Amino acid sequence: MNFRDLVSISTGNLWRMKLRTFLTTSGVVIAIGAFVSMLSFGAGMQENIAEEFNKLGLLNTMLVYEKSERDIEREKERKQKQQEESSKTDSTTTVTAPDTVISRPLDNEALNMLSKIPGVRLAYPYESFTVTVLLDDTTYNSSAQALPKIAYETKLFSQFSEGKALESDSSKEAVITEEFFEKLNIDSTESIIGKKIIISAKASSIDSGLIAIFVSDSFNVSERIRQIKYDSLFNRSYIESTIRTEADAALNRFIDGYMNNNIIISDTLTIAGVLKSGQGFRTRTESVLLPVKTAENFYAIGAGKNPLDMMSILQSGGELNLFNEAPKSRSFSKITLNIDQGVMHAKVADSIRALGLRAFSYTEEFQQMQKFFLYFDMGLALVGLIALFTASLGITNTMVMSIVERKREIGVLKSLGADESYIRLLFLAESGMIGTIGAFGGIILGWTISRIASFIAKSFMEREGVDPVEIFTLPLWLIAIAFALGLLVAVIAGYFPASRAAKVDAVEALRNE
Amino acid sequence: MNNRLFETKNLCRHYIRGTYTVKAVDEVSLSINKGDYTAIVGSSGSGKSTILNLLAGLDTPTSGEIYAEGNKLSDFSRRQFAQYRAKKIGMIFQSFNLIPHYTALRNVEMALYFDDTPKSERTAKAEAMLASVGLSDRLDHRPADMSGGEQQRVAVARALVKEPEVLFADEPTGNLDLENSQQIASLLKDLHDKGITVIMVTHDMSLAENSAQRIIRMHYGKIVNGETA
Ligand SMILES: Nc1ncnc2c1ncn2[C@@H]1O[C@H](COP(=O)(O)OP(=O)(O)OP(=O)(O)O)[C@@H](O)[C@H]1O
Ligand SMILES: [Mg+2]
């Protein structure tokens, strides 16, 4: 009795019970099919994201932000707790006091420090401002961003659908995104290269604010001076209140002037290239990319599009030199870092945190996502496993019935010299075969479902105007796992009945009916 | 040379059912020689089948010993028991016990799955054996398509195809009409003439007296005619 005999005998037995075998196997097919199609979705999503991260070079990109109030608050709380704990346990480890939480503005100094962290290949700030773009007598409201030439070497900005990167950081050129191009009434990206655009920005300036303090419709110096009560000049509270009202009024006039008396700056630029759009999150680029030096013209005299930026300048710079054209210190909303290949991101992130800044690492994010997908896949797998468990009950039931019916046959086999292990093997082979066929059918079913679902999803994406992506994959490991799982579950499900079959009392089985 | 095939010493097979003990076989000591044709007779429930199953290694004694060719059966491993049944022993039953969904040929072939016969020889051996019991034209028939006599002849073919030393027959004619009974009886006699040891359980006294060299009478689990070891 060898393996081939075993297979041929059990195949014969299954074949004889076609309907029952078919129904039992169907349970396995459906369960494995569900398992495969669901995990194929999980794997597909995972693959997509990994691909996206790779394509955009996100895995060597890190973002740096200023710490928010909440970050600082939380950090303080954490340190407080650590301190309490360490004082409780009397440990000798030194924990820094909660008031040592450091934070620093994201300014040129920070940029400089960040670019010196080992492993950082490139650091460039993100600054955006509102612009109007004039092209062929049509104006478009849009937003612009300065981007150093060197940043075009990173994957994030190296994929052009037309044209090329900027010549230099001071050239009179601009790169536009594919999304922005689509808003323009031009048929081909080819024809836009070399076109001239006029970019204008309404810049609020410190000057307009300062002037308004002294020259304003609501303010008349001689009128004010006349209102001063000279006999009360030596009254302390009078002086205080007068100064307070005057200071308030001055600030109001400043903000009023800052907000309303704008200066318009324009520049004529040539379109050098059209950047392919990336769908990665947090990587959104503004519609128009300008060379760094050229862009400076637009915000040198003022702050960015957000008036609050100016306030933060006043705060962070500390020294608001009223007679200087612009404050020296400018804050960026974020700084992008390009990290060398093979550098530990966690290490770089630690250095950034040590500087008192907030680091966002795509690699860490990616690992986080992979963890999420692990749980996601496990959730999906669980559903499949529940179905598989149900199917296994079907197998057990079928096998138990088969044993009851074939008691006499078992007795005969024993009288012919089959030992218990052979009988067990015979029945395990039958359930194993149900598992094998079921797994095979289930993989085909799962694949079919995923193809159909993929087709529906793709046509849906197309209708929504999104580039269709493949959200299902059937990697080899999934096929292998599904197959092994089907076989394993079937063998486990068959083990109890098979052992029962092995224990059938031959004497009783062979007795006259 | 020792001519003894089986020897039992104080063989007991008791079934305990609550407070009541059925002594199916009780303190039986007997010996059976090679080449003998032995008939075991006795009333229903006297323990004939039980003793046969014990000797065939299908059942295990409650106490006492069985020696087969001098080997203690209680020393056998499970695998040795299986091999003992596969190679030394052929069995036929009152109710034929053929596997209903197999053809006659396949039923006979099954006996060769366990005795190391190479796969290539199985079919030829089984066909020859069926031919020798006169069923060469019924190879592809299933048990349900055959008469009782034919089924029992398939069973005989199955028992003998592996060339055992001993054939156990438990009421081989019990389900057969007179003509078929006589056919089977003469088949067993032929086998005995060829040198096979036959141990047959039967109700039929005339069959026992006409075929067997020796008759063992059982009553309530014990041998009642003066049997000596
Ligand atoms: N599994 C069992 N449990 C309880 N008692 C049993 C069992 N098997 C057999 N017996 C009892 O043992 C006794 C002997 O049974 P056995 O089958 O050997 O009788 P037998 O002589 O072959 O009878 P028959 O001529 O009717 O076949 C009977 O009384 C029977 O009821
Ligand atoms: Mg009996």
Side-chain angles (χ1 to χ4, degrees), chain A residues 1-21 398-399 401-430 433 498-513, chain B residues 13 15 24 44 49-50 52-54 56-60 76-103 106-119 122 143 155 158-159 161-162 164 168 170-171 174-175 201:
Chain A
M1 171 68 49
N2 57 28
F3 182 72
R4 287 235 323 261
D5 293 333
L6 204 66
V7 170
S8 88
I9 290 176
S10 48
T11 318
N13 284 329
L14 291 175
W15 187 245
R16 200 156 36 79
M17 298 291 173
K18 284 182 211 49
L19 181 63
R20 189 194 297 173
T21 304
T398 297
M399 298 309 293
M401 273 171 70
S402 166
I403 287 157
V404 171
E405 290 164 358
R406 284 156 65 191
K407 223 171 184 159
R408 188 167 290 265
E409 179 183 339
I410 295 167
V412 170
L413 291 176
K414 280 193 165 181
S415 78
L416 293 177
D419 66 356
E420 288 190 8
S421 64
Y422 167 78
I423 304 285
R424 183 181 299 119
L425 218 55
L426 183 67
F427 281 84
L428 277 181
E430 283 178 32
M433 206 151 329
S499 299
R500 237 178 90 163
K503 294 267 173 323
V504 163
D505 180 3
V507 174
E508 197 190 311
L510 292 169
R511 191 173 290 150
N512 305 336
E513 56 261 18
Chain B
R13 181 63 169 105
Y15 293 101
S44 184
S49 296
T50 305
L52 216 60
N53 289 329
L54 286 169
L58 272 183
D59 199 357
T60 40
F76 279 13
S77 67
R78 216 183 275 167
R79 183 160 293 273
Q80 279 174 312
F81 257 119
Q83 284 300 297
Y84 172 70
R85 292 196 300 268
K87 290 177 176 166
K88 308 261 178 192
I89 286 161
M91 294 184 90
I92 57 176
F93 308 88
Q94 179 177 348
S95 50
F96 321 134
N97 280 330
L98 298 176
I99 298 173
H101 43 269
Y102 287 166
T103 61
R106 188 82 195 273
N107 263 292
V108 177
E109 274 181 330
M110 278 314 287
L112 300 173
Y113 274 71
F114 306 98
D115 80 331
D116 304 336
T117 304
K119 196 184 164 99
R122 283 182 205 153
R158 178 178 68 186
V161 71
K162 56 193 176 182
F168 290 104
D170 193 348
E171 315 236 18
N175 278 3
V201 166

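Letters go in sequence order (proteins before strands), and every chain restarts at 1. Everything numeric in this text was worked out from a predicted model, so none of it was measured.
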Just how far is it from atom [atom1] of [X] to atom [atom2] of [Y], taken to the nearest 0.5 Å?
X: A:Glu409; Y: B:Asn107; atom1: CD; atom2: CG; answer: 9.0 Å
X: B:Met110; Y: A:Ile9; atom1: CE; atom2: CD1; answer: 4.0 Å
X: B:Leu98; Y: A:Arg408; atom1: CG; atom2: CZ; answer: 10.5 Å
X: A:Ser8; Y: B:Tyr113; atom1: OG; atom2: OH; answer: 5.0 Å

Any idea which heavy atoms bring B:Arg85 and A:Gly417 closest together, and the distance? CB-CA, 4.0 Å
A:Leu416 and B:Lys162 have their tightest heavy-atom pair at O-NZ, 3.8 Å
If you define the side chain from C-beta out and look only at heavy atoms, does anything of [X] sit under 4.5 Å from [Y]?
X: A:Asp5; Y: B:Arg122; value: yes
X: B:Phe93; Y: A:Val412; value: no
X: A:Leu510; Y: B:Met91; value: no

Which residue out of B:Gln83, B:Glu171, B:Arg79, B:Lys87 racks up the most heavy-atom pairs below 4.5 Å with chain A? B:Arg79
Ring center gap for A:Tyr422 and B:Phe114 short of 6.0 angstrom: yes
All pairs passing salt bridge (Lys or Arg N to Asp or Glu O under 4.0 Å) where residues 498-507 of chain A contributes a residue, at least two apart: A:Glu420-A:Lys503
Contacts of type ring pair (Phe, Tyr, Trp, His ring centres under 6.0 Å), residue B:Tyr84, not counting sequence neighbours: B:Phe76
Atom group of [X] that falls short of 4.5 Å from chain A, counting heavy atoms:
X: B:Ile99; answer: side chain
X: B:Asn53; answer: side chain
X: B:Phe96; answer: neither
X: B:Ala56; answer: neither

